[in-house]
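Here the structure is laid out as structure tokens; the discussion comes afterwards.
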There are 2 protein chains.
Amino acid sequence: MAADLHDTVAHRLREADQRYTTNRRALIEALSEADRPLTIPELLERQRSLPQSSAYRNLSILEEVGAVRRIVTNDDFSRYELAEDLTEHHHHLICSTCGAVEDFTVSKQLEERLMSAMTNVARRTGFQPTHHRLDLLGSCANCT
Amino acid sequence: MAADLHDTVAHRLREADQRYTTNRRALIEALSEADRPLTIPELLERQRSLPQSSAYRNLSILEEVGAVRRIVTNDDFSRYELAEDLTEHHHHLICSTCGAVEDFTVSKQLEERLMSAMTNVARRTGFQPTHHRLDLLGSCANCT
DNA sequence: CTCAGTGCAAAGGATTTGCATGCCG
DNA sequence: CGGCATGCAAATCCTTTGCACTGAG
């Protein structure tokens with residue numbers, strides 16, 4: 001699985017005429033080991049030798065080629081996670097107070113209902129849906 | 001209804017020892033007339049005499065007292081809409097390309113399923129959910 | 001009168017970018 | 001070798017803040 005992940009990312013980069021460099025591999029590795037989206041500061045902690053600007057630039061490129069997904073909360077920092085087709089489809093518990101994010105999943109059945117509702121909306125508008133996002137907002141254990 | 005809206009907002013402000021000033025009323029008015037969340041530049045266009053800093057400051061206060069809700073997309077600007085209990089429960093079509101946001105609704109039945117799934121997750125974690133967020137991500141008519 | 005609200009201008013801070021250097025292909 | 005990637009530092013730009021003034025209660 002881990003090998004497949006890197007192969008897939010490498011492939012997507014190559015298709016965009018980009019290289020799978022050490023820095024990029026390290027970012028993907030760090031994200032794949034986390035069980036929640038990480039902020040840039042968190043990523044820099046895990047990759048001490050990586051300069052901030054490289055982190056920003058590489059994450060931006062990884063996002064463009066569809067290897068990574070950027071998540072914005074009310075927190076000051078953006079968060080990054082592996083693109084959804086590289087992981088399991090999941091949702092987020094987002095703390096309204098501190099912006100922290102945790103992953104969670106719901107039943108396949110409910111997901112199917114969502115997909116179908118999604119398609120109906122698409123029929124009525126000029127909007128081309130690619131995916132949905134179901135988040136739970138509230139207060140995390142720390143902030144309660 | 002319009003009168004009720006302003007009364008409610010005034011009340012929430014008063015409870016926080018805040019006044020319902022002309023600027024704040026104008027912001028609420030502008031948001032209530034829009035059918036989608038507005039960015040600060042958009043609000044300033046609709047309220048030419050309102051300085052930027054007042055917009056930021058007042059929206060921040062209106063958010064604190066629960067009259068307004070702030071929405072962050074991948075766009076550069078935050079967006080604001082009336083708090084959900086002042087409007088109708090709805091969801092967002094978010095353009096992944098330009099960050100534009102439109103409102104939409106789904107069936108009550110599906111909403112109930114979501115609420116119930118929400119409650120289940122809450123039981124399994126220390127997270128205290130307050131509400132959910134279901135967004136449709138994709139490409140808007142302009143960006144297609 | 002008092003003090004929250006206002007508006008201008010300056011500061012803050014996450015993110016982006018210019019440019020010289022290094023290194024992969 | 002050529003060009004993308006890198007890393008440092010400087011610039012950008014949305015947002016926040018300091019401060020003196022105004023106006024509502």
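Every chain is numbered from 1, with letters handed out A, B, ... down the list of sequences. Computed over heavy atoms, backbone and side chain alike; hydrogens, waters and symmetry mates excluded.
Judged purely by atom type and a 3.5 angstrom limit, A/Ser60 has no side-chain atom pairing as donor or acceptor with the backbone of A/Tyr56. B/Arg24 contributes no side-chain N or O that, together with a main-chain N or O of B/Thr21, makes up a donor-acceptor pair within less than 3.5 Å.
A salt bridge links B/Arg36 with B/Glu42: at least one charged nitrogen is closer than 4.0 Å to a carboxylate oxygen. Note on B/Arg12 versus B/Asp85: salt bridge recorded, some NZ/NE/NH1/NH2 to OD/OE distance being below 4.0 Å. Ion pairing between a basic and an acidic side chain is recognised when a charged N comes within 4.0 Å of a carboxylate O; B/Arg69 and B/Glu84 show such pairing.
B/Arg79 and B/Thr39 share no donor-acceptor pair across their side chains, judged by distance under 3.5 Å alone. Using modelled atom types, one finds no donor on one side chain facing an acceptor on the other under 3.5 Å when comparing B/His90 with B/Glu102.
The stretch residues 46-64 of chain A touches DNA chain C through A/Gln52, A/Ser53, A/Tyr56, A/Arg57, each having a heavy atom within less than 4.0 Å of the strand.
Residue A/Asn23 is in sugar-phosphate contact alone, with no base atom involved, counting any heavy-atom pair closer than 4.0 Å across all strands shown.
Smallest separation of non-hydrogen atoms from B/Gly138 and A/Phe127: N-CZ, 3.4 Å. Contact record, A/Ile28 with A/Ala67: CD1-CB, 4.4 Å, taken as the closest heavy-atom pair.
Applying the salt bridge (Lys or Arg N to Asp or Glu O under 4.0 Å) test to residues at least two apart or on different chains, none of the pairs has a partner in residues 103-115 of chain A.
Interatomic distance, A/Leu59 CG to A/Leu27 CG, rounded to the nearest 0.5 Å: 5.0 Å.
Here chain A contacts DNA chain C (any atom closer than 4.0 Å to a heavy atom, that is under 4.0 Å), and the contacts span C/dA14 to C/dC24 from 5' to 3'.
Summary for the helix from C/dC1-D/dG25 to C/dG25-D/dC1: the axes at its two ends, each from 5 pairs, differ by 30° when rounded to the nearest 10 degrees.
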Strictly under 3.5 Å: I want the nitrogen or oxygen pairs between protein and nucleotides 20-25 of chain D, one per line.
none

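Taking side-chain N and O atoms only, B/Ser78 has no distance below 4.0 Å to OP1 or OP2 of D/dC14.
You'll find the ring centres of A/His132 and A/His89 inside the 6.0 Å limit.
In this structure, the ring-ring contact (aromatic ring centres under 6.0 Å, His included) partners of A/Tyr20, at least two apart in sequence or on a different chain, are A/His6.
The nearest whole Å value for the distance from the CG atom in B/Asp75 to the P atom in D/dC14 is 10 Å.
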